[in-house]
There are 2 protein chains.
Amino acid sequence: MEDLLFDFISKYISLSEDEKNAIISLDIFRSVKKGTILLQEGQNSKESYFVLKGCIRTYYVLDGDEKTTAFYTEMDALTPHCVTSKTPSQYYISCIEDSILLISNTDMEEEVNTKFPKFDVMCRTFSSELLAKNKVDFDEFKTSSPEQRYLNLLQKRPDLIQRVPQHQLASYLGIKPQSLSRLKARILEKDKG
Amino acid sequence: MEDLLFDFISKYISLSEDEKNAIISLDIFRSVKKGTILLQEGQNSKESYFVLKGCIRTYYVLDGDEKTTAFYTEMDALTPHCVTSKTPSQYYISCIEDSILLISNTDMEEEVNTKFPKFDVMCRTFSSELLAKNKVDFDEFKTSSPEQRYLNLLQKRPDLIQRVPQHQLASYLGIKPQSLSRLKARILEKDKG
DNA sequence: CTTATTTGTTAACTTAAGTGAACGAATCTA
DNA sequence: TAGATTCGTTCACTTAAGTTAACAAATAAG
């Protein structure tokens with residue numbers, strides 16, 4: 001399982017065996033059961049997540065119902081807003097599949113970054129990459145209709161549509177579950193006709 | 001005008017007079033006329049922008065019409081996607097008011113960051129802050145209706161509604177200009193009734 | 001200053017999403 | 001495994017956004 005992480009890191013920096021061992025000795029790999037809530041609304045947390053296997057999602061509870069805003073799957077990283085802002089979290093994070101996560105906390109990161117400065121460089125690169133990606137995703141969302149968003153997702157993350165409950169997928173697409181059902185039926189009709 | 005920048009920077013790090021002078025000597029302050037196109041679709045650019053005064057917007061041209069995705073006003077920073085990805089830009093950036101911008105390029109930044117390591121630290125902090133902010137904005141967009149988005153904007157960036165053309169504002173809200181007009185009329189009706 | 005062009009609004013009509021309810025299928029859970 | 005809950009879909013109806021067109025107001029161009 002560590003190999004997955006090191007393969008990922010190797011895209012940014014190269015690590016010596018010593019450095020790899022140092023990371024392993026941090027003991028940050030965690031097996032998390034489906035359904036586990038990693039972060040709750042109102043909570044203050046210093047934990048960041050990196051998904052090695054499985055899927056976690058972020059969601060708000062507004063007027064009593066859940067609004068799913070993101071899914072994180074293999075090789076996705078998530079630093080919750082509350083960690084950077086140091087304010088209570090506005091949203092929940094839950095594990096929707098049995099997963100293997102890398103869970104780090106801010107204090108530990110500072111220590112590692114001091115010990116291995118190139119780690120710091122990697123994180124900086126990674127963060128600006130994520131920012132750019134997030135903006136593009138936002139742009140795509142803004143400039144397309146629910147139907148286009150669904151078709152887009154079918155292209156870019158076809159696995160999500162299979163592995164994620166439809167009602168969660170619906171709010172991720174910014175619509176109601178009934179609208180997603182209808183929209184899918186509409187697309188099927190078009191393909192036939 | 002430099003003071004605006006240094007006030008902003010002082011929120012992250014403190015600068016000596018020498019360091020301030022070094023920044024000024026980079027000669028990165030630019031006056032830009034309304035209507036100027038800073039970046040075009042298909043272009044490769046290494047320039048990043050920081051708005052000291054005025055307003056710039058990013059927009060795509062899809063099926064022949066403009067889709068505005070963001071407005072950057074005083075103290076907002078923008079590193080276009082093409083700069084980080086090193087691929088041709090998918091969108092345009094234009095100046096919608098006479099503005100004063102700080103325009104830097106990647107090469108210059110590297111030089112400055114080597115000379116003043118604390119600058120590098122600042123950028124890292126700033127970038128992860130922006131990422132967090134961008135995610136929250138995306139979440140808000142996803143979880144709300146066009147009308148809610150408009151009301152939200154009225155709260156958070158009331159100036160935008162005044163200074164920005166309505167048809168650009170409409171696509172920023174993910175709707176057509178006609179829908180924005182209607183939506184505003186609807187809100188006025190409600191306030192009366 | 002006059003003419004074009006762009007912009008914002010309104011209106012009538014079409015299309016798609018929201019809402020509330022119903023119902024089988026899948027999935028917990030005891 | 002029996003009963004309860006959750007989930008996905010369908011339907012009828014409501015509401016709001018998309019579309020096309022028209023027109024006045026503001027802005028730009030000559």
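So you know, we letter chains A, B, ... as the sequences are listed, proteins then strands, and number each from 1.
- B/Arg124 CZ to A/Asn113 CG: the interatomic distance, rounded to the nearest 0.5 Å, is 5.5 Å.
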Contact state string [nucleotides 22-30 of chain D, B base, S sugar-phosphate only, - no protein heavy atom under 4.0 Å]: ---------
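- Between B/Thr114 and B/Glu111, the side chains place no donor N or O within less than 3.5 Å of an acceptor N or O (distance only, hydrogens not considered).
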Pairs under 3.5 angstrom, nitrogen or oxygen only, protein versus nucleotides 7-9 of chain C, please.
{"residue": "C/dG8", "atom": "OP1", "partner": "B/Gln166", "partner atom": "N", "Å": "2.8"}
{"residue": "C/dG8", "atom": "OP2", "partner": "B/Gln166", "partner atom": "N", "Å": "3.3"}
{"residue": "C/dG8", "atom": "OP2", "partner": "B/His167", "partner atom": "N", "Å": "3.1"}
{"residue": "C/dG8", "atom": "OP2", "partner": "B/His167", "partner atom": "ND1", "Å": "2.7"}
{"residue": "C/dT9", "atom": "OP2", "partner": "B/Ser181", "partner atom": "OG", "Å": "3.2"}
{"residue": "C/dT9", "atom": "OP2", "partner": "B/Lys184", "partner atom": "NZ", "Å": "3.4"}

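- Separating the CD1 atom of B/Ile175 from the C1' atom of D/dA16 is a distance of 10 Å, rounded to the nearest angstrom.
- Ring geometry, A/Phe138 versus B/Phe141: the interplanar angle exceeds 60°, so the pair is classed perpendicular (tilted spans 30 to 60°).
- In this model, a side-chain donor or acceptor of B/Arg182 finds a partner on the base of D/dG18 within 3.5 Å.
- Helix-axis bend for the helix from C/dC1-D/dG30 to C/dA30-D/dT1: the local axis fitted to the five terminal pairs at one end deviates from that at the other end by 60°, rounded to 10°.
- Both B/Ile96 and B/Leu153 belong to a common hydrophobic cluster when Ile, Leu, Val, Met, Phe, Trp and Tyr are linked at side-chain heavy-atom distances under 4.5 angstrom.
- Within 6.0 Å of NZ in A/Lys184 there are more than 12 heavy atoms belonging to other residues, nucleotides or ligands.
- For an aromatic pair to be called close, the ring centres must be under 6.0 Å apart, and B/Phe8 with B/Phe50 satisfies this.
- Nucleic acid contact for A/Arg186: sugar-phosphate only, since backbone atoms but no base atoms lie under 4.0 Å from a heavy atom of the residue.
- Between the P atom of C/dG18 and the CG atom of A/Asp65 lies a distance of 12 Å, rounded to the nearest Å.
- Atom CD in A/Glu147 sits roughly 15 Å away from atom C1' in D/dA17 (whole-Å rounding).
- Distance, A/Glu189 CD to D/dT10 C1': 14 Å, rounded to whole Å.
- Listed nucleotides: C/dG18, D/dT10, C/dT10. Nearest to the side chain of B/Ala185: C/dT10.
- In this structure, the OH atom of A/Tyr150 is 17 Å from the P atom of C/dA16, given to the nearest Å.
- In this structure, the CD atom of B/Glu66 is 12 Å from the C1' atom of C/dT6, given to the nearest Å.
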Working for side chain to side chain contact (heavy atoms under 4.5 Å, CB included), residues B/Glu109 and B/Ser104: CA-CA 7 Å; B/Glu109 279 162 30; B/Ser104 68; 2.6 Å; yes
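- Rounded to whole angstrom, the span from the CG atom of B/Leu183 across to the C1' atom of C/dT10 amounts to 15 Å.
- For the pair A/Lys176 NZ and C/dA17 P, the computed distance is 13 Å after rounding to whole Å.
- Here CG of A/Leu173 is found 12.0 Å from CD of A/Gln148. Values are rounded to the nearest 0.5 Å.
- Taking the six-membered ring for Trp and the full ring otherwise, B/Phe126 and B/Tyr12 have centroids separated by under 6.0 Å.
- Between B/Tyr60 and B/Tyr92, the distance separating the two ring centers is not shorter than 6.0 angstrom.
- Once rounded to the nearest 0.5 Å, the distance linking NZ of A/Lys33 with SG of A/Cys95 reads 10.0 Å.
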